[in-house]
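Excluded from the calculations below are hydrogen atoms, water molecules and symmetry mates; all remaining heavy atoms, backbone and side chain alike, are included. Count residues from 1 along the sequence.
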Amino acid sequence: MTWTIAFSLLVALPLAVAIPPPDFGFPEAPNHTELSVTYQANGNSFVVAEADLFGVDIPAKEPTVAVETASYESIATYNGSYVLLMVDPDARYPSSPNLRFILHWLQTDMTVAAQSPDGTSQLVNSSAPRVPHLGPSPPTDSAAHRYIIYAFFQHANFTFPQNFEDFNATSRTNFNLPSFLDESKLGQTPAAAMYYFASNQTQVPQDFTATAGGTYPGGNGGMITAGPGPNITSSTAPAAPSTSASTTSSSVTSTSASDSGTSASGSASQTASETGSTTRSAASASDTSDAVKLLVGSGGLVAGLISLWNLV
Ligand SMILES: *[C@@H]1O[C@H](CO)[C@@H](O)[C@H](O)[C@H]1NC(C)=O
Ligand SMILES: *[C@@H]1O[C@H](CO)[C@@H](O)[C@H](O)[C@H]1NC(C)=O
Ligand SMILES: *[C@@H]1O[C@H](CO)[C@@H](O)[C@H](O)[C@H]1NC(C)=O
Ligand SMILES: *[C@@H]1O[C@H](CO)[C@@H](O)[C@H](O)[C@H]1NC(C)=O
Ligand SMILES: *[C@@H]1O[C@H](CO)[C@@H](O)[C@H](O)[C@H]1NC(C)=O
Ligand SMILES: *[C@@H]1O[C@H](CO)[C@@H](O)[C@H](O)[C@H]1NC(C)=O
Ligand SMILES: *[C@@H]1O[C@H](CO)[C@@H](O)[C@H](O)[C@H]1NC(C)=O
């Protein structure tokens with residue numbers, strides 16, 4: 001039965017491209033294998049739809065994640081555990097992502113719970129997170145950042161790569177995702193993925209178009225819009241794996257303020273459908289990188305201590 005459903009779903013999606021879209025240039029889950037991501041707010045839950053745009057009132061607490069067991073054969077036939085990763089490729093600005101990637105969450109040994117009536121199976125951690133979840137907090141002068149949540153098949157021989165031991169709650173920047181996937185032998189192909197945008201812009205950008213009933217999510221404190229995220233140029237997107245494996249040495253250290261934005265007011269809503277579009281262009285061109293230079297410069301530690309939580 002599962003196989004039948006999976007087959008018909010795949011057939012029903014002739015444009016089943018990867019997720020996140022290939023033009024982003026980041027690791028892609030093939031066949032549009034979605035990771036189900038659900039946030040809780042005020043007793044309501046909302047499921048993230050691909051390319052949703054949120055304000056920063058998106059809950060700071062980690063979402064529940066689930067694999068869509070009934071929908072994908074590759075998921076249904078896999079019995080092992082998963083490595084979960086959440087990254088922001090757009091720090092400090094999408095136009096100059098000098099801190100790429102910010103590691104928002106890293107959890108190994110996620111086991112698969114029994115399938116729910118909705119056809120998904122929750123991923124449950126059996127150990128403490130390697131790097132605890134940190135909610136979105138892009139700078140107020142930045143275009144929306146992308147947040148990508150990946151589940152990778154955790155093969156039986158998985159060991160945590162030594163070069164990445166130093167990433168933790170207070171050290172999250174310049175996470176070299178491609179190198180991590182190489183060194184952990186997880187491979188560059190996720191089992192499933194989901195992504196959304198979040199913005200803390202205090203001014204409504206000129207290219208924002210509210211959909212019916214929607215409001216701008218960054219400047220007005222709202223938690224979610226009914227509209228899709230902004231267009232992103234692929235030129236800002238390519239993953240830039242460094243040739244060096246020692247990505248951890250230059251990490252900016254900073255205090256974590258992962259839960260400082262605890263208010264999750266605003267009504268929960270959910271965009272009903274995925275955006276079919278994978279072509280995104282014209283991100284804000286007005287970003288500056290001065291603050292980044294402040295951060296990564298030799299005297300940046302103090303600035304980092306103060307401000308990391310407000311730039312990712
Ligand atoms: C993607 O789907 C095709 C059939 O639609 C299948 O042959 C292929 O194995 C799938 N790939 C993965 C990685 O699931
Ligand atoms: C998964 O587990 C079931 C029962 O435990 C077994 O029948 C099946 O062969 C396993 N599949 C894989 C891919 O290991
Ligand atoms: C699972 O992760 C949560 C936070 O993400 C943590 O509070 C909990 O202790 C972890 N569970 C185990 C068994 O370590
Ligand atoms: C968003 O920006 C405001 C300043 O306009 C700041 O007070 C708030 O902490 C920011 N929120 C997050 C989650 O970064
Ligand atoms: C795991 O290690 C064993 C023994 O070294 C090897 O035979 C097997 O192919 C490895 N499996 C994977 C998935 O790498
Ligand atoms: C995080 O790792 C850094 C080194 O990268 C270390 O200095 C710091 O003490 C660690 N913090 C925690 C909370 O483990
Ligand atoms: C995003 O790109 C699509 C396709 O190129 C275009 O139709 C749409 O108007 C763009 N949206 C914005 C906000 O620029």
Side-chain angles (χ1 to χ4, degrees), residues 18-20 25-31 33-37 62-69 72-89 91 99-114 121-134 147-195 239-254 256 258 312:
I19 182 172
F26 307 126
E28 300 155 17
N31 287 345
T33 308
E34 295 190 357
L35 184 66
S36 176
V37 175
E62 72 262 21
T64 54
V65 295
V67 284
E68 304 192 353
T69 334
Y72 303 102
E73 182 184 325
S74 57
I75 298 292
T77 55
Y78 175 71
N79 280 355
S81 53
Y82 289 85
V83 174
L84 187 78
L85 283 156
M86 174 172 163
V87 292
D88 170 1
L99 300 179
R100 177 177 295 171
F101 289 80
I102 301 284
L103 182 57
H104 274 256
W105 197 9
L106 173 51
Q107 173 76 62
T108 63
D109 307 300
M110 295 288 267
T111 58
V112 182
S121 303
Q122 196 177 324
L123 297 183
V124 182
N125 63 313
S126 54
S127 58
R130 273 277 171 176
V131 176
H133 174 265
L134 172 69
Y147 297 86
I148 311 172
I149 305 177
Y150 289 117
F152 285 85
F153 295 124
Q154 183 174 326
H155 57 81
N157 295 345
F158 174 81
T159 54
F160 196 84
Q162 227 179 344
N163 284 325
F164 293 85
E165 293 279 356
D166 286 347
F167 283 89
N168 59 33
T170 58
S171 178
R172 299 174 182 269
T173 57
N174 298 114
F175 175 72
N176 189 325
L177 176 61
S179 290
F180 175 79
L181 298 177
D182 260 355
E183 293 182 34
S184 60
K185 299 189 172 57
L186 289 172
Q188 305 291 328
T189 304
M194 183 49 62
Y195 74 99
S242 90
T243 49
S244 158
S246 57
T247 57
T248 57
S249 56
S250 64
S251 295
V252 175
T253 301
S254 160
S256 163
S258 57
V312 296

Glu183 side chain reached by Phe160 side chain, heavy atoms, under 4.5 Å: no
Phe164 ring center near Phe175 ring center (under 6.0 Å): yes
CD1 on Ile19 to OG1 on Thr33, rounded to 0.5 Å: 8.5 Å
Intermediate values then yes/no, side-chain contact (heavy atoms from CB on, under 4.5 Å), Leu85 and Leu181: CA-CA 11 Å; Leu85 283 156; Leu181 298 177; 4.2 Å; yes
Polar side-chain atom of Thr173 near backbone of Ile102 as donor-acceptor pair, under 3.5 Å: no
Trace of the side-chain contact (heavy atoms from CB on, under 4.5 Å) decision for Tyr195 with Ile149: CA-CA 6 Å; Tyr195 74 99; Ile149 305 177; over 6 Å; no
Those residues that, when tested against Ser121, pass side-chain hydrogen bond (donor to acceptor under 3.5 Å, both in side chains) (two or more places apart): Thr69
Within-4.5 Å side-chain heavy-atom neighbours: Leu177 and Pro27: yes
Shortest non-hydrogen contact between Tyr72 and Asn31, atoms and distance: CE2-O, 3.9 Å
Side-chain (Tyr78) to main-chain (Ala191) donor-acceptor, under 3.5 angstrom: no
Minimal non-hydrogen separation, Pro190 against Glu28, with atom names: CD-O, 3.0 Å
Exam field: side chain Arg130 to backbone Leu106, donor-acceptor pair closer than 3.5 Å: no
Residues Asn168 and Thr170: side-chain donor-acceptor under 3.5 angstrom: yes
Verdict with supporting geometry, Leu123 and Thr111, side-chain contact (heavy atoms from CB on, under 4.5 Å): CA-CA 5 Å; Leu123 297 183; Thr111 58; over 6 Å; no
Plane angle bin for Phe153 and Tyr82 - parallel if under 30°, tilted between 30 and 60°, otherwise perpendicular: tilted
Heavy-atom closest pair, residues Pro89 and Ile148: CG-CD1, 4.2 Å
Sidechain-backbone polar pair: Ser179 side chain, Asn176 backbone, donor-acceptor under 3.5 Å: no
Ring center gap for Phe180 and Phe167 short of 6.0 angstrom: no
Heavy-atom side-chain proximity of Lys185 to Pro161 below 4.5 angstrom: no
His104 side chain to Leu134 backbone, donor-acceptor under 3.5 Å: yes
Validation row: Tyr150, Leu84 side chains within 4.5 angstrom (heavy atoms): no
Beyond-backbone contact of Ser36 with Met194, side-chain heavy atoms, under 4.5 angstrom: no
Ser127 backbone acceptor or donor facing Gln107 side chain under 3.5 Å: yes
Side-chain heavy atoms of Trp105 within contact of Glu62, under 4.5 Å: yes
Candidate pair Phe101 and Asn174, rule side-chain contact (heavy atoms from CB on, under 4.5 Å), full reasoning: CA-CA 5 Å; Phe101 289 80; Asn174 298 114; over 6 Å; no
Shortest non-hydrogen contact from Gln122 toward Thr64: NE2-CG2, 3.9 Å
Leu186 to Gln154 - nearest heavy-atom pair and separation: CD2-CA, 4.2 Å
Heavy-atom closest contact (Ser126 atom, Asp109 atom, distance): OG-O, 3.0 Å
Close side-chain approach of Met110 and Val124, heavy atoms under 4.5 Å: no
